[in-house]
Amino acid sequence: MNHNTFRLPGQPLLIQSIFILALSVSYYIMPAQPAIWKAGVAKINITPDAPMWMAGYAARTSPSQGKIQDLWAKALALEDKDGTRSVLVTLDLVGLPKPISDEIRDLLKQELKLERSQIILNTSHTHSGPVLENALSDIYPLDDQEKRKVSEYSKTFPGKIKDLVVNAFNALQPAKLYSGNGVTRIAVNRRNNIERQLEIHTELEGPNDFAVPVIKVENPAGDLIAIAFGYACHPTVLDTTLWSGDYPGFAQIELEKAHPGAMAMFFQGAGADQNPMPRRSIPLARQYGRTLAAAVDRVLEERMTELEPVFTSDYQEIPLGINPPPTRAELTQYIDSMVPDGYQKRWAQHVRDRIDAGETFAPSYPFPVQAWKLGSQPIFTIGGETVSGYALQLKQIFGFKAFVMGYCNDVVSYIPTALILHEGGYEGCIAQQVYGLTGTWTYDTENQIISHLVEMGKKLGIPLPDHRIFETGK
Ligand SMILES: [Zn+2]
């Protein structure tokens with residue numbers, strides 16, 4: 001404002017100046033409204049009403065026979081100080097296939113104008129949830145009746161998740177956000193340690209990502225609204241025919257018991273090469289859940305940074321290379337060497353049928369990667385069953401405060417590092433058959449994913465830790 005040109009009508013200049021001075025002083029001493037987040041939460045029970053086939057293991061021989069605990073879909077809706085919206089959805093499911101994920105995100109675009117960059121759909125990877133259509137279809141021995149149940153459950157699922165997110169946005173209220181990292185050592189690298197020899201090992205081989213990332217959401221009075229927390233390890237303690245969220249399910253129950261009124265939601269990290277060990281008992285699943293909840297509580301009590309109400313995000317689908325399928329002759333040899341009715345044999349028969357039908361195979365797959373910046377907190381998300389090497393690399397680049405989620409937006413298959421591709425085995429090779437891919441991932445997979453996420457991080461202004469060219473002697 002130019003004071004010389006502003007005159008109150010009919011007042012001498014001196015009085016006008018005093019008036020303007022008083023206005024200016026009152027402007028500067030008036031308490032400024034602190035900028036604030038808005039947050040809303042919602043959850044829905046996604047436990048199937050009737051017995052249904054359970055996802056994650058090829059070896060089950062019957063549908064579900066009851067439950068240990070319910071399965072949940074939970075949403076944390078956020079709005080920053082400028083009204084930019086985002087939503088984190090966590091699901092007690094083994095994974096979301098692309099068609100269902102795309103349908104959910106299309107509905108959210110129509111209904112709430114949310115872009116894909118603003119939506120994270122993370123699956124816990126519990127191996128005690130229902131089978132979805134187009135997800136690992138080759139590995140389960142489903143008859144027509146079971147297929148129909150899977151189809152019916154899958155058909156209504158996207159609409160349910162859209163309603164869940166709408167409900168979370170309808171519940172928006174002023175909020176403060178905090179983030180921090182803890183640690184717990186439930187995860188064991190399952191590639192580099194032999195489970196049946198666990199009793200005789202005195203040391204365990206890595207790599208692992210033991211971080212426990214936590215986001216705390218409070219209302220302005222300091223009451224907890226939501227606790228979003230993660231860990232990078234397969235929820236494979238249990239392989240029964242009872243529905244459950246496995247150890248993350250127990251951790252969520254434990255935290256909600258300890259913090260009445262708050263919603264606890266679990267997101268899976270880059271845990272594709274990690275198993276909880278030992279395993280296969282309900283007391284162990286409960287104990288790992290409690291241990292994880294205790295690690296979260298330690299973060300809630302003493303290790304959190306308040307996040308400015310500023311949100312930015314980016315999302316891309318990058319063309320990840322897929323090698324050509326084996327030749328017809330190789331497939332025939334493979335089929336002849338297999339025991340009858342195994343999923344590997346079924347996979348090879350399908351691919352051979354597709355070759356015989358004259359199909360050409362896509363040389364790449366549109367693979368989702370995403371970055372969020374919640375205030376100062378970087379979050380990177382990767383599709384597929386992401387191995388720990390990705391989280392460790394991103395943390396080496398962006399610092400160990402960064403959060404890395406795997407199993408986000410499209411769980412297309414395992415995503416090995418170059419090293420795991422070289423080594424082969426389940427995560428490097430066999431799992432691509434389990435998921436119905438026609439070839440293995442190409443060797444630039446790791447470079448592609450990391451380099452795109454680094455570019456996204458730079459674009460969002462995620463700072464790199466201080467790297468000085470001169471040693472400071474500290
Ligand atoms: Zn898995």
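Note that the numbering runs from 1 along the sequence shown for the chain. Side chains included, hydrogens not; waters and symmetry mates left out as well; all remaining heavy atoms used. Since the structure is predicted, the reported quantities are computational estimates derived from the model, not experimental observations. Order of listing sets the numbers, starting from 1, for every ligand and every atom in it.
- Annotation: F210 is not in aromatic contact with Y231 [ring centroid separation under 6.0 Å not met].
- A side-chain donor-acceptor contact under 3.5 Å links S101 to the backbone of N409.
- Between R190 and D273, none of the side-chain N atoms (NZ, or NE/NH1/NH2) sits under 4.0 Å from a carboxylate O, so this pair counts as no salt bridge.
- Vertex the Zn ion (ligand 1); arms to H125 NE2 and Y414 OH; angle rounded to 10 degrees, 170°.
- Within 6.0 Å of atom CD in E359, more than 12 heavy atoms from other residues, nucleotides or ligands are found, so the atom counts as buried in its surroundings.
- For the Zn ion (ligand 1), the N/O/S atoms of H234 include one lying under 2.8 Å.
- The name of the N, O or S atom in E385 nearest to the Zn ion (ligand 1) is OE1.
- For a distance bound of 2.8 Å, the N, O or S atoms of T236 include none lying that close to the Zn ion (ligand 1).
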